[in-house]
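In what follows, a single structure is set out as structure tokens and then discussed.
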Amino acid sequence: MMAARREPAVDQKLASGMGLSAEEYARILALLGRTPNLTELGIFSAMWSEHCSYKSSKKWLKTLPTTAPWVICGPGENAGVIDIGQGWAAIFKMESHNHPSFIEPYQGAATGVGGILRDVFTMGARPIAIMDPLRFGAPDHPKTRHLVAGVVAGIGGYGNCIGVPTVGGECTFHPSYNGNILVNAMTVGLARADRIFYSKAAGVGNPVIYVGSKTGRDGIHGATMASAEFDERSEEKRPTVQVGDPFTEKLLLEACLELMATDAIVAIQDMGAAGLTSSSFEMASKGGVGIEIDLDRVPTREPGMSAYELMLSESQERMLMILEAGREPEAEAIFRKWELDFAVIGRITDSGRMILRKDGQLAADLEIAPLVASAPEYERPWTPTPARAPLPAAAVPGPPKGMLEALAQLLDTPDLCSKRWVWEQYDHMVMADTAQGPGGDAAVVRIHDSNRALAITTDCTPRYVAADPVMGGRQAVAESWRNLTAVGARPLAITDCMNFGNPQRPEIMGQFVGAIQGMGEACRALDYPVVSGNVSLYNETSGKGIQPTPAIGGVGLVEDLRRSVSLAGRAGLAIYVVGETRGHLGSSVYLRELWGSEDGAPPPVDLAAERRHGDFVRAQILAGHVGACHDTADGGLLVAVAEMAIAGGIGAHLQAAPAGVPAHAFWFGEDQARYVLAIAPDHVAAVTAAAAKANVPLAALGRFTGTALTLPGETAISVAELRRRREAWLPRYMGQA
Amino acid sequence: MMRARVHITLKHGVLDPQGKAIANALAGLGFAGVDDVRQGKYIELKLEETDRERARAKVDAMCQKLLANTVIENYRIDLEG
Amino acid sequence: MMRARVHITLKHGVLDPQGKAIANALAGLGFAGVDDVRQGKYIELKLEETDRERARAKVDAMCQKLLANTVIENYRIDLEG
Amino acid sequence: MKAAVIVFPASNCDRDIQVALRQSMGEEPIMVWHREGTLPKVDLIVLPGGFSYGDYLRAGAMAAHSPIMREVVARAGRGVPVLGVCNGFQILAEAGLLPGVLMRNATLKFVCRDVHLKVEAANSIFTGGYRPQQVLRIPIAHADGNYFADDRTLDELEDEGRIAFRYCEPDGRISSEANPNGAQRNIAGIFNKDRNVLGLMPHPERAADPALGNTDGRALFDHLVASLGP
Ligand SMILES: Nc1ncnc2c1ncn2[C@@H]1O[C@H](COP(=O)(O)OP(=O)(O)O)[C@@H](O)[C@H]1O
Ligand SMILES: [Mg+2]
């Protein structure tokens, strides 16, 4: 039967193998007044890990604005909750699954989606949208193609099956991600504002319930837990990769929502990272109560699992709940109907302690509050990123073959090309509420059975953050705000995913501190608080960190779907640009793709101008004056106009760049706070007058007409050709063209 | 010409959602006493190769590079002919 | 306890998109002289059954009813134990 | 008219179909859990899209054996109209109500986009709202839509006018470029012999709401309601 198990002796070496520093181990000994056993040490290592304790980032995260009249629940729960009116709440969060996706792209990405879905439905929301910001290494790196294929298939494999539309995301390439791709995933859900479920345990005597899949030895790490010593029967080295089961997750989702329609649940929390450990400790600590768990009752997939393994397994598709005592039978009936495991594994006590039993013996006995309260919090040394010299437009040469040829060339590059190859593998229409799917500025997903909608976007420009973390942090937030504005939504709040390198290096910590500063400034200036988020550090290989990537997920409200616009240009509409075009080429795509340089300071982000211009654009859209709208971002004005032309299948006649700005800087500069508007002739006067009154720069660019893009003095290029060029890169790269 | 048969199976301890679903479905159909269902892949191919050693090395390389996902899967190669 | 191994393969004449894709990918990876790649399924299960005949009949019924789609697939059952 | 929508454990277009039916019928269809052994008396049965059992083993294979399917097969035999969309089509094929099978897409990838469909047979309770040869734009979203049957079956389908829809170019030409999944003879949907069972891969219910910008699927539901009475 069960092989005899020798648990390794607990000492500092073992602790350090689990990622605890000598100082942290000493702190544990002092706290307990004794040596912990293996299970207890594992619990400490999980709870005090960077992932669970935010020990390097907490100090800085606290500086972000997290409140607004419409915020129902900010950071601290499984996801953030905002009030969107008419009795509804939007619940959302973003999370990373970077490392697992690099090891096993399909399963890593799939379980990333599964995890973030659970964070949202554990709060009582039905998920209505998934977004997936992705960053890959250089296209010519030998691993990149395989990673792209696997990650995209994995995200689709999970989201498509569970039936939540994946409506947008990002997909860019840079050599800094060669050894550390970023796979972030965001879920947005809807719940009644008075039916939100939290994770605060309460009620002495209430049962602790385990539901979902069985527990296996998935994802149990800890270097010293090497299988040879720990599990002598197994020849294979245990993979730390978890396999996702979207089918079970769909059942879990429906079962949880069904039970949530009753009032049997006191508290609920998904089992994510550090599984049963973090869910039970977080629930108990929030409620200031104790928990007793009989680990023999945990449903298992494999025989002979130890207390350590049961507490640290990261098996997917599981939830922990506290029920009102006596409600077990009705809850069990629901989970049985959905063919899921259901087990009463413990109860709430007033001891303030976590008491675990296994095989009739005490397996752990820890006081909860001190363990949580004395989690380390570090003020890591940091050095600010040195400022880069601005790069004057005159120092950057114009395109050798004219603007339009440069445009066609830019559209056929990894970052600016169409991502259709990616999003056609995602069911972006299931649930039949997708008003605008992938390919536009923000996705627009209708609130079911209404004419209101949520607008959703994810954004970050890592090259700006690398060049100037403060400005880059501002820009990421501002760009997301702009994307929501561009579809006519009122931006409400953000979630974030802070992907950085090793925080123990002062220059990396400096990037983190700078980005948070910039994000905070932008959030405050735009009334756009942070309600949830996630930190992923140590994204680096052999001492080389990734480009700092604070991915921002923004959510806004469209009050009337009929007033929302897309970016598709239409014949006869006049083209205008909102905002000032100075021709900023530092850190631009033009500079990188045409001249192979990543130099120069990024464009400055003037938050007052952002606010003024965005509020103006939104007001014009809501007034019905705007036929199409697109914010300008990577690639600048000409790329923005071309994208509108391609989306609408219509040509555009553009006038010459104004004097005073070099033409290539005018067309490809990446100045911020700008939007391109397409305006019907009879609304031009009203928009112009409103702009003057609001002190918003507005300049005419030309008109949507014909079948080609034209510029004075250049050979016209057909929209069909532009589309062909823009659609070419990714299928060709993935070997499908 | 040689024929290779490759069996690709999930490593011990790795969750097999398909196997689990099949086991449930079989139970639902009234097949009792079925246990431990695991689903794997089975690939057959022909090789222009006469040397057994070289053939095995080649198919092994194919498994490593493409056919199997060695992070979570094991494979077994049988040669014939 | 008996262990059953079931191989499910596409019938001759049924186009095999997976096999074809693998063949292309192998060629793309530089594996020359590979031909006739077919992908099938491999299912292992345990049966509470000691009688070989009865075990085979049972697994055969499982294949007919669920495991294989006999419009396009053949199956082969191996028993052990 | 009364309609039933069968809900399998991981159906995920059940609500979408429900909304489209409600819109055309003016009343709610009955949602029936797959474990039910009985089906109320209805004029139409719909098997919605989704991943009924995670699509493990083969798409639709396990759902085809759900308890309710015995009843669906019996009703179909008695002439009750049965519509299967996407996963519903896969289930109908696995259950033997329609010939052939839906194999993995030739690209091996899931594909979600609008396709053009040619109405090949407008003489059915499902397609009577369309003109013969009319070209529709309807979304698809599937990984296993590659229709396969042997040549004899395919010829029989053609001869008996049982091919309901084919993938086509926007101008109606049938080409291999217009075929998103490798389906034989560009087949997107077929009838059974008695023409009271239709399976199709595209999702008409996703093209039935003006607010989402496409209503080409609406006529299918409207015509069912018109034919099956108020
Ligand atoms: N970068 C951040 N900005 C704001 N809130 C954050 C950030 N990182 C984490 N949080 C918040 O901290 C809490 C814990 O996060 P996390 O451990 O990732 O959640 P979970 O345990 O659900 O996976 C969450 O409420 C999350 O929203
Ligand atoms: Mg959580």
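Computed from a predicted structure; not experimentally measured. Each chain gets a letter, A, B and so on, in the order the sequences are listed, and its residues count up from 1. Computed from heavy atoms alone, side chains included, the values below leave out hydrogens, waters and symmetry copies.
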Self-check item: A:Arg446 bridged to D:Asp209 by N-O distance under 4.0 Å
Solution: yes
Quiz item: At a heavy-atom separation under 4.5 Å, does A:Ala153 approach chain D through its side chain, its backbone, both, or neither?
Solution: neither
Quiz item: Roughly how far, to the nearest 0.5 Å, is the CD atom of A:Glu254 from the OG atom of D:Ser11?
Solution: 10.0 Å
Self-check item: Check: A:Lys250 main-chain N/O paired with D:Asn12 side-chain donor or acceptor under 3.5 Å
Solution: no
Practice problem: Examine whether an atom of A:Asn451 lies under 4.5 Å from a heavy atom of chain D, and if so say whether it belongs to the side chain, the backbone or both; otherwise answer neither. | Solution: neither
Self-check item: Proximal component of A:Ile162, with respect to chain D [non-hydrogen, under 4.5 Å]
Solution: backbone
Exercise. May I ask you to check whether over 12 heavy atoms, not counting those of D:Arg185, lie within 6.0 Å of atom CZ?
Key: yes
Quiz item: So which part of D:Tyr56 gets closer than 4.5 Å to some heavy atom of chain A, the side chain, the backbone, both or neither?
Solution: side chain
Practice problem: Please assess A:His448 against D:Arg15 for the test side chain to side chain contact (heavy atoms under 4.5 Å, CB included), listing each intermediate value before the final yes or no. | Solution: CA-CA 10 Å; A:His448 193 63; D:Arg15 191 188 72 181; 3.3 Å; yes
Quiz item: Which one of A:Gln425, A:Glu424, A:His428 satisfies the side-chain contact (heavy atoms from CB on, under 4.5 Å) criterion with D:Cys112?
Solution: A:His428
Quiz prompt | Among A:Asp245, A:Asp449, A:Leu561, residue most engaged with chain D (heavy-atom pairs, under 4.5 Å) | solution = A:Asp245
Quiz item: Looking only at heavy atoms, which two atoms of D:Asp114 and A:Met429 are closest? And how far apart?
Solution: OD1-CE, 3.8 Å
Practice problem: Flag yes if more than 12 heavy atoms outside A:Arg192 fall under 6.0 Å of its CZ atom; otherwise flag no. | Solution: yes
Quiz item: Which pair of non-hydrogen atoms, one from A:Ala432 and one from D:Leu212, has the smallest distance, and what is that distance?
Solution: O-CD1, 3.2 Å
Quiz item: Any ion pair linking D:Arg206 and A:Asp427 (charged N to carboxylate O, less than 4.0 Å)?
Solution: yes
Practice problem: Please state whether the side chain, the backbone, both or neither of A:Glu339 comes within less than 4.5 Å of a heavy atom of chain D. | Solution: side chain
Practice problem: Please assess A:Cys161 against D:Asp55 for the test side chain to side chain contact (heavy atoms under 4.5 Å, CB included), listing each intermediate value before the final yes or no. | Solution: CA-CA 8 Å; A:Cys161 183; D:Asp55 277 1; over 6 Å; no
Quiz item: Which bit of A:Thr434 is near chain D, if near means a heavy-atom gap under 4.5 Å: side chain, backbone, both or neither?
Solution: backbone
Quiz item: With a 6.0 Å cut-off on ring centres, are A:Phe247 and D:Phe51 close enough?
Solution: no
